[in-house]
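Okay, so here's the structure we're looking at.
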Number of protein chains: 2
Amino acid sequence: MRGIGAIKETGGESGLTERQAVVLEQALRLLVDGGEKALTTAGVARAANCSKESLYKWFGDRDGLLSAMIAFQASKVRTLEVSPETLDAASLRAHLVAFAKDLLEVLAGDVSLALNRLAIGQASREGSKLGHLLQERGRRQIGRRAGALLEAGRKAGLLAFTDAEEAYGALYGLVVSDWHLRLLLGEALGDMKKDFSRRAESAVDAFLTLYGTKG
Amino acid sequence: MRGIGAIKETGGESGLTERQAVVLEQALRLLVDGGEKALTTAGVARAANCSKESLYKWFGDRDGLLSAMIAFQASKVRTLEVSPETLDAASLRAHLVAFAKDLLEVLAGDVSLALNRLAIGQASREGSKLGHLLQERGRRQIGRRAGALLEAGRKAGLLAFTDAEEAYGALYGLVVSDWHLRLLLGEALGDMKKDFSRRAESAVDAFLTLYGTKG
DNA sequence: CTCCAGCAGTACCGTACGGTACGGTTCGTA
DNA sequence: TACGAACCGTACCGTACGGTACTGCTGGAG
């Protein structure tokens, strides 16, 4: 069934049928709208116009579906990985600000919040399988982009740090602070919706004060 | 029933019977051990040697029990609120480091993690009642301590900031970074168990670089 | 001693969900 | 046309949980 599959599969990348992608899309929508309780197998089947039997054939069981949802969402959010070869102080700052804004946008996204809530709720029992998956697929990705940027800054003599991980931790903390937790706890981001720019800029300025070499 | 209650109540503060305190204690233990799924009304009743009927009489319904658990735990963790009147650079740094270590200890605590997971899991539906409660009872408390400390530092001419909230956000971010989220997602804190001191110190040093006036 | 409030223990009910089984239908292939 | 695989829709089953009702037992007040 694999040989002829070229007709039925959406792309060789992930081994997902279009049908299955639709299912995962609808499942994510249900999760975003109503939380984990709303994510029932019957509900997903109804929303995606498929049968529960197919669900179990494709994803094994409910946990398999959850894992597939995380992997699916991660595969959609591909962070552009640009590490420019020519850097001056201004362009480094601009790149850092862009990164910080992207980080805030991603973390405040509906689907990201819903998946994080799901994984956190599941973390107590079962060895936190979903938590590891989310960490691996999500944070690693965005962490690599920041790492490359920081490394480029150091190569250009614009940044000074010994431990890249520590520097990245400082940048992340200055940008995010406790925003992520507050959003996860249900605080409406309402008013602060577009403080993203201002917040990103002051965080980056603080970061450059700590790790910049100009002066 | 209130007049004679002095015999039966544990303290006039919270209006909780000893019996009810035992129930909440056992409920917290169940939550820490097995997550929200393990926190069933029957399980709590069995663990606390009381009847389900009493549970519902005392707490209304399951959500009432959850709220009571959060309030109960918050009432136990009373943060010492010291804002010394005499401050020099060294003692300010020591106070900040102590605060940072306490913050890390609290956030990494079993019960804190379990309650945060519970509130986050509940945050999707129902207007995030538990999230607000946790925010109000937990963060407000520790935020006030930090606020007093920062204000004292400014009064003594050791710190310079215009927006206290922003300064506190920077301190929090530098200290915590993404540790809290990683712990919530189930990452074992295993090896990093006692990096608390080192981490607190470097975070405070960075904070003082940003907001200190010495130099 | 009597009475009564409070509570443990348990049985019970309705519901909702995860997972399975089955009939009917579509569609590609020979 | 005939066959078979995939699959939708639905019915079904076992279980587990939230919430309620009932039966005693105990201990203190009069």
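Residue numbers begin at 1 in each chain, while the letters A, B, ... track the order of the sequences.
- Along DNA chain C, the nucleotide closest to A:E53 and the one closest to A:L39 are compared, and the more 5′ of them pairs with A:L39.
- Residues A:R19 and A:A48 share a closest heavy-atom pair of NH2-O, 3.1 Å.
- The listed nucleotides are D:dG18, D:dC22, C:dG19; the one nearest the side chain of A:K52 is C:dG19.
- Here D:dC7 is the nucleotide among D:dC7, D:dG18, C:dC7 with the atom lying nearest to any side-chain atom of A:S54.
- Heavy-atom distances to DNA chain C give each of A:D61 and B:A45 a nearest nucleotide, and the one nearer the 5′ end belongs to B:A45.
- Out of D:dG18, C:dA8, C:dG18, the shortest distance to the side chain of A:R62 is found at C:dG18.
- For A:C50, whose side chain is taken as the heavy atoms from C-beta onward, the closest listed nucleotide among D:dC8, D:dC17, C:dG9 is D:dC8.
- In terms of heavy-atom proximity, B:H180 sits nearest to B:L107 at CE1-CD2, 3.6 Å.
- Counting only heavy atoms from C-beta outward, the side chains of A:Y211 and A:E166 approach each other to under 4.5 Å.
- Per the geometry, NZ belonging to A:K37 stands 12 Å off P belonging to D:dC17, to the nearest Å.
- Atom CD in A:E36 sits about 15 Å away from atom C1' in C:dA16, given to the nearest Å.
- Across C:dG19, D:dC22, C:dC7, the shortest atom-to-atom separation from the side chain of A:Y56 is found for C:dG19.
- In terms of phosphate contacts, A:T41 brings a side-chain nitrogen or oxygen within less than 4.0 Å of OP1 or OP2 of C:dG18.
- Taking 4.0 angstrom as the limit, A:R46 places none of its side-chain polar atoms (N or O) nearer than this to OP1 or OP2 of D:dT10.
- Between the CG atom of A:L55 and the C1' atom of D:dT10 there is a distance of 15 Å, given to the nearest Å.
- A centroid separation of 6.0 Å or more is found between the aromatic rings of B:Y172 and A:W179.
- For the pair B:D63 CG and D:dC17 P, the interatomic distance rounds to 17 Å; values are reported in whole Å.
- In this structure, NZ in A:K101 is found 14.5 Å from CZ in A:R199, a value given to the nearest 0.5 Å.
- At whole-Å resolution of the value, CD in A:E18 and P in D:dC7 are 13 Å apart.
- Counting only heavy atoms from C-beta on, B:K57 has its side chain closest to C:dC7 among D:dC22, D:dC17, C:dC7.
- In this structure, the nucleotide among C:dC7, D:dC8, D:dG19 sitting nearest to the side chain of A:W58 is D:dC8.
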